[in-house]
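Below is one structure, written out as structure tokens; comments come after it.
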Amino acid sequence: MNTLKEAQSLLGRRLMRRWRGKLISSVITEVEAYDGPMDKGSHAFRGQTKRNAPMFGPSGFWYVYLCYGVHWMLNYVVGDEGYPAAILIRSTSDVRGPGKLTAHFHISGAQNGTMAAPTSGLWIEDRAVHVTKNKMKTLPRVGIPYAQDWKDRPMRFILDV
DNA sequence: GCAGTGATCATA
DNA sequence: ATGATCACTGCC
């Protein structure tokens with residue numbers, strides 16, 4: 001499956017968090033794809049570094065990094081090992097905005113590089129909401145004015161709930 | 001409209 | 001060692 005399809009397939013699924021014995025969850029409603037070494041909006045565009053290493057790893061792991069010294073961003077790694085791709089989870093039905101989302105789910109650098117599975121305390125369940133084409137919007141990505149010809153590509157997906 | 005905030009990365 | 005940059009948010 002290609003990266004854009006992977007991104008769309010996360011919509012309507014439930015993000016799950018085990019934190020201090022409690023279960024936090026809500027339905028994923030907004031995602032962005034970052035696709036491969038040629039994507040000028042992606043951290044992987046200038047090659048592998050210590051920070052973006054999880055993007056180059058196998059799918060099914062988390063890539064979490066600190067943005068503007070303040071907000072943690074949650075990404076789900078997709079694609080074959082060696083091919084840098086990830087899906088930024090921007091919003092759920094409860095929380096709008098990627099920084100507020102990680103705060104709500106108590107996500108930080110501690111989750112970086114961990115597996116998306118109950119064992120890590122952070123995972124994604126199968127579709128909880130039926131996604132029809134007319135409920136899904138496709139838009140350009142946010143916050144990458146420097147990405148030139150990649151800036152306005154339709155790589156952001158929103159689910160109306 | 002723009003300041004805050006600090007890790008990360010390139011340059012040296 | 002230093003400086004620029006930044007997949008955001010909230011307040012002006």
Side-chain angles (χ1 to χ4, degrees), chain A residues 1-17 19 24 26-116 120 122-124 136-161:
Chain A
M1 204 186 325
N2 71 38
T3 303
L4 296 184
K5 294 275 190 210
E6 295 268 15
Q8 294 174 37
S9 78
L10 292 187
L11 292 175
R13 295 174 68 186
R14 196 167 271 281
L15 181 64
M16 309 292 296
R17 174 78 167 121
W19 183 75
I24 305 166
S26 57
V27 175
I28 297 170
T29 54
E30 183 181 7
V31 295
E32 278 178 3
Y34 289 86
D35 186 18
M38 307 308 289
D39 181 350
K40 292 180 185 139
S42 171
H43 288 170
F45 179 60
R46 285 177 178 77
Q48 185 169 346
T49 66
K50 188 174 179 183
R51 178 177 69 162
N52 66 22
M55 291 186 76
F56 290 77
S59 63
F61 286 76
W62 297 113
Y63 168 41
V64 186
Y65 69 92
L66 189 63
C67 184
Y68 292 96
V70 182
H71 308 287
W72 295 100
M73 299 289 113
L74 176 66
N75 295 256
Y76 180 77
V77 175
V78 298
D80 293 334
E81 190 162 0
Y83 183 83
I87 314 301
L88 172 66
I89 301 178
R90 293 189 60 89
S91 302
T92 66
S93 48
D94 290 350
V95 199
R96 293 177 137 271
K100 289 191 284 192
L101 185 150
T102 52
H104 179 254
F105 281 85
H106 301 97
I107 292 163
S108 71
Q111 280 72 47
N112 188 39
T114 64
M115 201 184 339
S120 71
L122 184 62
W123 71 102
I124 298 173
M136 199 185 75
K137 284 199 181 74
T138 303
L139 296 162
R141 294 176 292 181
V142 174
I144 50 164
Y146 49 83
Q148 301 168 40
D149 51 315
W150 285 78
K151 179 169 74 77
D152 296 317
R153 293 205 186 192
M155 298 175 76
R156 174 176 162 222
F157 305 98
I158 293 180
L159 174 66
D160 290 328
V161 289

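In what follows, chains are A, B, ... by sequence order, proteins preceding strands, each numbered from 1.
The side-chain heavy atoms of A:Asp149 and A:Lys40, taken from C-beta on, include a pair separated by under 4.5 Å. Here the side chains of A:Ile89 and A:Phe105 are not in contact, with every heavy-atom distance at 4.5 Å or above. Taking the side chain as every heavy atom from C-beta outward, A:Glu6 and A:Leu10 never approach each other to under 4.5 Å. Contact check for A:Thr92 versus A:Val27: no side-chain heavy atoms found under the 4.5 Å cut-off.
Sorted by first and then second residue, the salt bridge (Lys or Arg N to Asp or Glu O under 4.0 Å) pairs involving residues 44-71 of chain A (not counting sequence neighbours) form an empty list. Applying the side chain to side chain donor-acceptor pair (under 3.5 Å) rule to pairs touching residues 95-104 of chain A yields nothing, sequence neighbours excluded. Pairs passing the ring pair (Phe, Tyr, Trp, His ring centres under 6.0 Å) check and including a residue from residues 136-155 of chain A, sequence neighbours excluded, do not occur.
Taken together, the paired segments of DNA chain B that extend over three or more consecutive Watson-Crick or G-U pairs, each closer than 3.5 Å at both contacts, are B:1-4 with C:8-11, B:6-11 with C:1-6.
Using a 4.0 Å heavy-atom criterion, one finds that A:Gly143 contacts the sugar-phosphate atoms exclusively. If you check every strand for non-hydrogen atoms under 4.0 Å, A:Met155 touches nothing.
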Please table the atom pairs, donor to acceptor, closer than 3.5 Å between any side-chain atom in residues 77-86 of chain A and protein atoms at least two apart or in another chain.
residue, atom, partner, partner atom, Å
A:Tyr83, OH, A:Asp35, OD1, 2.8

For residues 55-76 of chain A, please give each side-chain donor-acceptor pair under 3.5 Å, one per line with the distance, not counting sequence neighbours.
residue, atom, partner, partner atom, Å
A:Trp62, NE1, A:Leu122, O, 3.0
A:Tyr63, OH, A:His43, ND1, 2.7
A:Asn75, ND2, A:Tyr63, O, 3.3

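Looking only at distances, a side-chain donor or acceptor of A:Ser91 sits under 3.5 Å from a matching main-chain atom of A:Gly97. Under a 3.5 Å cut-off, the side chain of A:Glu32 and the backbone N or O of A:Arg90 do not form any donor-acceptor pair. Remark: side-chain polar atoms of A:Asn52 are paired, donor with acceptor, to backbone N or O of A:Gly47 under 3.5 angstrom.
Heavy atoms of other residues, nucleotides or ligands lying less than 6.0 angstrom from CE of A:Met16 number more than 12.
At a non-hydrogen distance threshold of 4.0 Å, A:Leu88, A:Arg90, A:Gly97, A:Pro98 from residues 80-98 of chain A come into contact with DNA chain C. Listed in residue order, the members of residues 26-37 of chain A having a heavy atom less than 4.0 Å from DNA chain C are A:Tyr34.
Nucleotides of DNA chain C with any atom under 4.0 Å from a heavy atom of chain A span, from 5' to 3', C:dC6 to C:dG10.
For A:Leu139, the side-chain contact (heavy atoms from CB on, under 4.5 Å) partners at least two apart in sequence or on another chain are A:Arg156, A:Ile158. Applying the side chain to side chain donor-acceptor pair (under 3.5 Å) rule to A:Ser93 yields no partners; only residues at least two apart in sequence or on another chain are considered.
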Could you write nucleotides 7-12 of chain B as a row of B, S and -, 5' to 3', where a protein heavy atom under 4.0 Å of any base atom gives B, of only sugar-phosphate atoms gives S, and otherwise -?
-SS---
